[in-house]
Amino acid sequence: QKEVEQDPGPLSVPEGAIVSLNCTYSNSAFQYFMWYRQYSRKGPELLMYTYSSGNKEDGRFTAQVDKSSKYISLFIRDSQPSDSATYLCAMKGGGFKTIFGAGTRLFVKA
Amino acid sequence: EAGVAQSPRYKIIEKRQSVAFWCNPISGHATLYWYQQILGQGPKLLIQFQNNGVVDDSQLPKDRFSAERLKGVDSTLKIQPAKLEDSAVYLCASSLVLGQGPEAFFGQGTRLTVV
């Protein structure tokens with residue numbers, strides 16, 4: 001079993017839709033939960049991160065962590081074509097090493 | 001603020017040849033990471049430096065890969081000899097302090113193709 005599982009998609013939605021991206025994990029030592037956006041031929045860009053559990057909101061983006069279920073989510077409201085990218089979840093624990101999911105490819109159609 | 005700089009952007013080599021990648025982190029960032037990202041996968045940590053000391057190289061194939069960070073600033077990652085399965089994007093990232101928060105800054109990566 002991989003430490004971090006993420007559906008690779010692709011996920012295709014119309015412009016303006018609410019997008020839900022998810023990851024599950026197995027290591028209860030993870031403390032930092034991150035979401036990165038990666039455009040084609042670019043490096044990952046940190047979107048949001050949460051320490052421990054709970055929700056965090058930043059503009060159109062909301063990150064949720066449910067440690068009891070070992071499940072994290074990223075919601076994108078009012079999705080735009082410019083949101084089309086690969087979204088990587090990532091997690092980090094006491095050993096400081098970050099583990100990334102495989103990424104979900106998102107396409108937002110105008 | 002200048003970002004993480006990497007060079008070259010692209011490299012094509014034949015198997016069994018050697019190759020080197022260079023990274024210049026954000027000024028003042030003590031922690032530097034090298035990641036390997038194979039097509040369709042998430043980045044995988046190869047090596048992590050704190051200043052010029054190695055913190056974690058448990059996933060570095062040491063029989064062919066080496067990395068150094070002289071003077072705690074720039075870093076180079078070398079592969080010798082290269083194999084077909086080394087074809088990937090090699091990403092460098094830096095952080096201000098080890099262990100406090102996520103890797104916030106990645107370079108654009110070096111895309112390596114081994115033929």
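We name chains A, B, ... by the order of the sequence lines, and we start the count at 1 in each one.
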K.L.:
Can you say whether A:Tyr36 sits under 4.5 Å from chain B via the side chain, the backbone, both, or neither, judging by heavy atoms?
P.N.:
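It is the side chain, since no backbone atom gets that close.
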K.L.:
Between B:Leu91 and A:Gly43, what is the shortest heavy-atom contact and its length?
P.N.:
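Closest approach of B:Leu91 to A:Gly43, heavy atoms only: CD2-CA, 4.0 Å.
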K.L.:
Counting heavy-atom pairs under 4.5 Å to chain A, which of B:Gly40, B:Pro43, B:Ala104, B:Gly109 comes out on top?
P.N.:
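Top count of heavy-atom pairs under 4.5 Å with chain A: B:Pro43.
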K.L.:
Which value, rounded to the nearest 0.5 Å, describes the distance between A:Arg41 atom CZ and B:Tyr10 atom OH?
P.N.:
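Reported value, rounded in 0.5 Å steps: 5.0 Å.
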K.L.:
Is the closest side-chain heavy-atom distance between B:Glu103 and A:Pro44 below 4.5 Å?
P.N.:
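They are not in side-chain contact.
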K.L.:
Tell me, for A:Tyr51 versus chain B, whether the close heavy atoms (under 4.5 Å) come from the side chain, the backbone, both or neither.
P.N.:
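When you check distances to chain B, no heavy atom of A:Tyr51 falls under 4.5 Å.
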K.L.:
Under 4.5 Å heavy-atom distance to chain B, tell me which part of A:Pro8 shows up: side chain, backbone, both or neither.
P.N.:
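Interface part for A:Pro8: neither.
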K.L.:
To the nearest 0.5 Å, tell me how far B:Phe105 CZ sits from A:Glu45 CD.
P.N.:
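The CZ atom of B:Phe105 sits 10.5 Å away from the CD atom of A:Glu45.
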K.L.:
Contact part of B:Gln108 toward chain A, heavy-atom cut-off under 4.5 Å: side chain, backbone, both or neither?
P.N.:
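Answer is both: backbone and side chain atoms of B:Gln108 are under 4.5 Å from chain A.
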K.L.:
Looking at OG1 of A:Thr98 and OH of B:Tyr35, how far apart are the two atoms once the value is rounded to the nearest 0.5 Å?
P.N.:
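Those atoms lie 4.0 Å apart.
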K.L.:
Can you tell me which portion of B:Gln6 sits under 4.5 Å from chain A's heavy atoms? Options are side chain, backbone, both or neither.
P.N.:
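Contact with chain A is absent: no heavy atom of B:Gln6 under 4.5 Å.
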K.L.:
Check A:Lys97 against B:Ser58 and note the closest heavy-atom contact, atom names and distance.
P.N.:
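In this case the closest contact between A:Lys97 and B:Ser58 is NZ-OG, 3.5 Å.
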K.L.:
Picking from A:Gln6, A:Gln38, A:Gln31, which has the most non-hydrogen pairs under 4.5 angstrom with chain B?
P.N.:
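Sorted descending by pairs with chain B, the first entry is A:Gln38.
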